[in-house]
Every structure is written in C-alpha cells, then in structure tokens.
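Note: hydrogens, waters and symmetry copies are ignored here, and every other heavy atom, side chains too, is used. Naming convention: chains lettered A, B, ... in sequence-line order (proteins, then strands); numbering from 1 in each chain.
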There are 2 protein chains.
Amino acid sequence: MNQIEDMQTFVRIVEAGSITKAAEQLNTVKSAVSRRLSQLEKRLGVTLLTRSTRAHTLTEQGKSYYQHSLRIIEEVADIEAGLTQQNYALSGSIRIAAPLVFGLEHLSQALLAFNERHPEIVFDVDFDDRKVDLVEGGFDLAIRIAKLEDSNLIARQISSTRMVLCASPAYLKTQGTPTTPQQLSTRHKKLQYYRSLENWHFVEDNGQSVNIKIPTALTSNNGSFLLECAIKGTGLLYSPDFICHQAIKDGKLTIILKKYLANPTIPIYVLYPQNRHQSHKIRHLIDFLIEYYGDTPSWLID
Amino acid sequence: MNQIEDMQTFVRIVEAGSITKAAEQLNTVKSAVSRRLSQLEKRLGVTLLTRSTRAHTLTEQGKSYYQHSLRIIEEVADIEAGLTQQNYALSGSIRIAAPLVFGLEHLSQALLAFNERHPEIVFDVDFDDRKVDLVEGGFDLAIRIAKLEDSNLIARQISSTRMVLCASPAYLKTQGTPTTPQQLSTRHKKLQYYRSLENWHFVEDNGQSVNIKIPTALTSNNGSFLLECAIKGTGLLYSPDFICHQAIKDGKLTIILKKYLANPTIPIYVLYPQNRHQSHKIRHLIDFLIEYYGDTPSWLID
DNA sequence: GTTATTGTTCAAAAAATAAGAACTATAAGT
DNA sequence: ACTTATAGTTCTTATTTTTTGAACAATAAC
C-alpha cells in the first residue's frame, strides 16, 4: 500500500485523460496503471473514475480525491525538499558543549564572529568541564581539550594549547624562582585543577624524565579562579596558555621551567556524532573554527 | 519508495523511543525498522535521528520531519476516510438522464419525494428522449423505457408501462370504433412518435399475429404533444399508459382493441455504469424508486 | 568482568509490483 | 456494414522491494 504513489498515479490519469497516456508519462505500462487504479478503488471502497472504453468521468469522490491528492503530493515534496534545504541552510540552532574557560574566553569570540557572518544561526552553548554525552545531551558538537580516547565520535583538531608553569613575580620573589624541576620540591605549593594530574612531568637536561609532586595550596574546578589565585601569589599554576596568556603578557605572571616541561602541547578537538549526513552548517562552523584559531591562536605566547 | 509508510515508521520510532519498541508496535522486526530508517535518511540525504546504542536524539531535521509527518499521516487518513463517508453519506449530487414525458410527469414526483427524506441530495436531471452515453455525460443513472439492448451498463427494473391504443370519443364517432385490427386499415390515421415503429403488431382471435400499417396524421418527438393531438381528435394514439392514463380516466380518450395488442408491456429500467463500488446514495435511490412505483404505479389503468 | 539490551548488517524468503501478451469493447475510418 | 485501430482489463511471468531471522557489534547495567 503506497498511498503517495497511488495519488501520483491517479493525478496523472486524471490529467493525462487516459490510462494509456498516464502510463507513458509515468514510464510504465498501461496494465500497471490500470491495476493500480483498480487496487486503489478497491482499497478505498469507492469508485473514483467511471470508465468505458474511451471515456472517463470523475465521480464526486474522484474529484475530491484528485484535489486532495494534488495538495498532499505537493506538501510531501515540500517537506522532503525542505529538510535538504534546512540541511544546507546556514540557519537554525547549533548546540555546543564546551569547557568552561576555553568556552567563555575563546570559543565565545569565535562564535560571535561566526554569527556576524551567519546571523540566522542561533548558538546554544553549554559550558561545563565535565565530559558530556553528545548524543544523550542532544549536542551537535563538543570542544574537548585532551588527548583523544576511543569513542564512536568523530574528532577534528581545531587548534592546540601549550601547558605552562607560572607564578606571580611577588610569589617568586618570596619563594625563589626555581631553575630546575628539582628545586620545586622545596618551599613551593601548587594551585590544583581538580581534573588534572597530581604529578608534574619534566624532562631534565640529561634527558631523564622525572615526576614531581609538590603540596597543594588550593584545588578548584574553575581555571579562572586558579588564575586569580596565581596572580595573587597563592602558588604555582600549571595551566594551558589559553587561560594564563594575558596575565603573562601583562607581567602579572612569570613562566618558569619552560624548557623542562614534558609533552606541553595538548590538542584542541571538536567532536561530533557519527552522522551519516552531516549538516552543512555544522561542517561550515568546524571549518570556520579551524580557520579562526589557525596555527597562531590568540593565546600563543611568543 | 513509500513516503507515508516511512513517515509512519519514523513517527513510531520517535514516539516509542527506540527502534526495537517501534518494531514491536508495528508488528515487525527491528531489522526492518532499522533498515527503513536508514533508507529514509539516505533518500532524504539528512540525519533525522542521532543514535547510539541506547540513546536517541532528534536532529533539527528530525523534529521537523516528525511534526510534518504527524500532520500528513493524519491528513491522508482523513482524506481516505472522508471518501468512504462520502460514499455512505446521503448527500452530494446525483445526475440523472430521463426520458422527457416520464421524467417530467412521474420521475420528478418520485425525486421530490426522495428529496423530502434526504434534503442533502441535489438532483441534476437531464430530460431527453435520446439515448445518452452515461459515462461520457457523467450521469450516475438513466431511466430507459424499452427492452434492453446489450451494453456494459447495469440495469434494474423499477416498474413497467403498458402500451394502449386510443382515440378521442369524437374521433371514434366520426371514423367509427374499430373492433378488430383489420378494421384499422380503413379510414384511420395515426399519431406517430418519431422513435417508435411504423407498424403495429396485433394477435387476432385465432392466435394469428398480424402487422398493420396505417397512414400517419402527424409525427413528433414529444409524447405530450401527440397526446394533445389525440384528445383533439387528430388520430389514433399508440402510447404508453404513463402518458395517456389521465386523459383516459377523464374520458377524453377511449381505449380500443385492448385485447388484440401483442407485447403491450414494456419494462422501465434504471441503468447505471458498472462501477466496482456503487455509491450508497445511488443504491438507496434505486431502491426508493422501485418502492415508490411498486406493482401498481399511478399510471396503471384498471 | 559479565550479562543484557540495542542497533546494524547480511543472506534468504516472501510479498508487492511491473511487464508483456492475450483479450474485450468500441470508436473511427472506409 | 465491415475493417482497423485504440483503450482498458486480466492473466501469467519477471523483477523489484521488503521482511525475516540470525549473527554481530557496541555499550549500559549489574
């Protein structure tokens, strides 16, 4: 039972004026069209077309069915075409999950810039450092700043960040500025981001790698707050450059032990579900983000 | 490509919340539903549902398609149900082809009586003694007063009429009242209906059948006019009783040679096209007509 | 770590549909 | 009135589409 094809066939018969002509126009044989019509009438339990060898007349029901069919066929076509257009249109909403600080400080700027070009798009950004389930949360994409784990999501790297170790000039003046990793062990405290590792990983001049653990002055799940604390001299901050770059440029924080840090570079990815047909606007936004941050993002130090 | 079934399947998936449940509700297996959904997405070139092992989320296009689908499914069901209702409803129009005199004098009364019971029905009656093509003319039914010829139409007898030979008392006084068919041959003239036979057919007392031909006083295609002429004494009238019954009851015409007429009874049929599904109102009207005229129609003489 | 549930994929079976030929009916041409 | 041509139906056979059922992969839930 294919109601739409029945409608299309019936409309063709009515407009062509004969089953034979309708069959030609539908690129099929008259027997198929004849059978379709009689099956349709049987299903509806109604005579649509009174037919003799060479003349046709629409019954009242036939007229009604014809008119409704015209409308339905058009509506269905519009709906299906509309979906594709929607797919290509740079409009509608994009729902994004982003880490707190990166989202507020950097992603927001990029999104605003994108929005200037494509004002029809409405962003719905959820700032949260916790790992969210894209599918369950209904997100179109998520920003993740970390090495990738296995998942059924697609990832594209949009930029990268570099970890730096820094402290306020005042703090360094009081506690001394360490020049080797080993010197951290004495008289230093760290500002601890709740998700990151307790130990800091260094590579010494001789190529030996070393794990250093120093006491924690304060733990928080908010990178900005830790930054404030570092500026106030509460302790050492081990932080991605996109968080502390401005404070460093302003001289409020000083980088230390730069050359000893192991694996300081962390990729920034955009993740999205494995959709067979990716919406055009999503692809467009990802391309935009890659271009926006580029090889020299604003948080780059030197 | 069955768009409506695709829509129904998709709606079921969305509302059931999972492909497996949707399959159960649709009395099929999950593989069929899964395949239908992926084929649909492929055809539309759009992801409707972002799905992982246990969670589903509608994409924007999915939401749009879901809502449109709901509406279209309902509309199509309404249209199809509407046709059946239309079929059973005693409303709408009935187009009838009827012979002139019978139509004006007798059918019209029956139709008005029917209309009193079913005022929603609008009659469209075409009065014409010529044989019309029901299909070409778009007629629902036709009245035919004659022995049936072969045709692809369905016939039901609704009543019958009897042919009588009559003349005005004044005419018979002048020309003499014939008591045997043979006596017609002298001094008589006939009023000729254009479609009827030139010869009159009789059965004599001895069982011998005989064809009599007498001169024509006047020919017309209008039975009422011939009746008027007969009353005025222009000639003999060979006529169905539904035309002359009142004049005979009023004594304006006298029946002659009644017992000699061969095959005086002519059936009155209602004809309609061979529709696989006859509309309820048409069947109803035919039943009404048979009941209305019954075995003793108003034109019956004794 | 194990089990249970969900969705996908695949080959085979079943159902629906189309094709092609034969047939009926009738309009048009002669 | 006869022949020819055209339109529609019906039937059997092909073809296409859809469904099934099983095996599999992925991942929540226990």
Side-chain angles (χ1 to χ4, degrees), chain A residues 1-10 12-14 16-43 47-57 131-137 149-154 273-276, chain B residues 1-10 12-14 16-43 47-57 62 131-137 149-154 273-277:
Chain A
M1 179 173 84
N2 191 329
Q3 286 131 314
I4 296 294
E5 276 186 16
D6 284 347
M7 286 179 165
Q8 287 167 332
T9 305
F10 184 66
R12 207 85 309 281
I13 293 171
V14 172
S18 85
I19 289 178
T20 304
K21 277 185 201 142
E24 280 167 22
Q25 293 176 16
L26 292 163
N27 288 313
T28 183
V29 288
K30 57 184 181 170
S31 61
V33 175
S34 169
R35 191 174 174 285
R36 250 217 136 88
L37 176 57
S38 50
Q39 291 280 87
L40 172 62
E41 288 185 329
K42 186 179 166 193
R43 178 163 68 75
T47 301
L48 296 172
L49 208 56
T50 300
R51 40 200 186 282
S52 71
T53 310
R54 219 157 291 211
H56 282 171
T57 320
K131 207 161 68 183
V132 294
D133 186 326
L134 287 209
V135 172
E136 206 161 358
E149 315 149 27
D150 253 356
S151 85
N152 59 342
L153 302 170
I154 309 286
Q274 261 184 331
N275 286 346
R276 260 153 288 254
Chain B
M1 179 173 85
N2 190 330
Q3 287 132 313
I4 297 292
E5 275 185 17
D6 284 348
M7 287 180 165
Q8 286 167 334
T9 304
F10 184 67
R12 207 89 305 279
I13 294 170
V14 171
S18 85
I19 288 177
T20 304
K21 278 184 202 144
E24 281 167 22
Q25 293 175 16
L26 292 164
N27 288 314
T28 182
V29 288
K30 56 185 181 173
S31 61
V33 175
S34 169
R35 192 172 174 286
R36 249 218 136 87
L37 176 57
S38 51
Q39 291 281 87
L40 172 62
E41 288 185 327
K42 187 179 166 194
R43 177 163 68 76
T47 301
L48 297 172
L49 207 57
T50 302
R51 41 198 186 280
S52 71
T53 311
R54 218 157 293 211
H56 282 171
T57 319
K131 207 160 67 183
V132 295
D133 185 322
L134 288 208
V135 172
E136 205 160 8
E149 316 149 25
D150 255 1
S151 87
N152 58 342
L153 301 170
I154 309 286
Q274 259 186 333
N275 286 346
R276 259 154 287 254
H277 308 283

B/Glu24 CD to D/dG21 C1', straight-line distance once rounded to whole Å: 16 Å
A/Arg51 side-chain proximity, nearest of C/dA19, D/dG8, D/dT9: D/dT9
Side chain proximity check, A/Gln8 to A/Gln3, heavy atoms < 4.5 angstrom: no
Value in whole Å for how far the P atom of D/dG8 lies from CZ of A/Phe10: 13 Å
B/Thr20 side chain, from C-beta outward: closest of D/dT10, C/dT8, C/dT6: C/dT6
Worked verdict on B/Arg12 versus B/Glu24 for salt bridge (Lys or Arg N to Asp or Glu O under 4.0 Å): CA-CA 10 Å; B/Arg12 207 89 305 279; B/Glu24 281 167 22; over 6 Å; no
Nearest to side-chain heavy atoms of B/Val29, which nucleotide of C/dT8, D/dG8, D/dT20: D/dT20
Shortest side-chain distance from A/Lys30, nucleotide among C/dA27, D/dT9, C/dA18: D/dT9
Rounded interatomic separation in angstrom, taking CG from B/Leu37 and C1' from D/dT19: 16 Å
Candidate nucleotides C/dT8, C/dT6, D/dT9, ranked by approach to the side chain of A/Ile19 - the nearest: D/dT9
5' priority, DNA chain C, between B/Asp133 and A/Asn27 [closest heavy atom]: A/Asn27
Value in whole Å for how far the P atom of D/dT18 lies from CD of B/Gln39: 8 Å
Integer-rounded Å distance: C/dT17 C1' and A/Arg36 CZ: 8 Å
Side-chain N,O (A/His56) to OP1/OP2 (D/dG8) below 4.0 Å: yes
Short side-chain N/O contact to D/dT9 OP1/OP2 from A/Ser34, under 4.0 Å: yes
Flag side-chain contact, heavy atom, 4.5 Å: B/Asp6 against B/Gln39: no
Nucleotide nearest A/Ser31 (side chain, heavy atoms from C-beta), chosen from D/dA7, D/dT18, C/dG20: C/dG20
Listed nucleotide nearest any side-chain atom of A/Ser18, set D/dT20, D/dA7, C/dG7: D/dA7
For atom CG of B/Leu49 and atom C1' of C/dT6, their distance in whole Å: 13 Å
Side-chain donor/acceptor of A/Thr9 to backbone N/O of A/Glu5, under 3.5 Å: yes
Contact under 4.0 Å: A/Arg35 side-chain N or O vs D/dG8 OP1/OP2: no
Qualifying residue for side chain to side chain contact (heavy atoms under 4.5 Å, CB included) with B/Ile13, from B/Leu48, B/Leu49, B/Leu40: B/Leu49
Separation of C/dT17 P from B/Glu5 CD (nearest whole Å): 9 Å
Nucleotide C/dA4, atom P - distance to NZ of B/Lys21 in whole Å: 18 Å
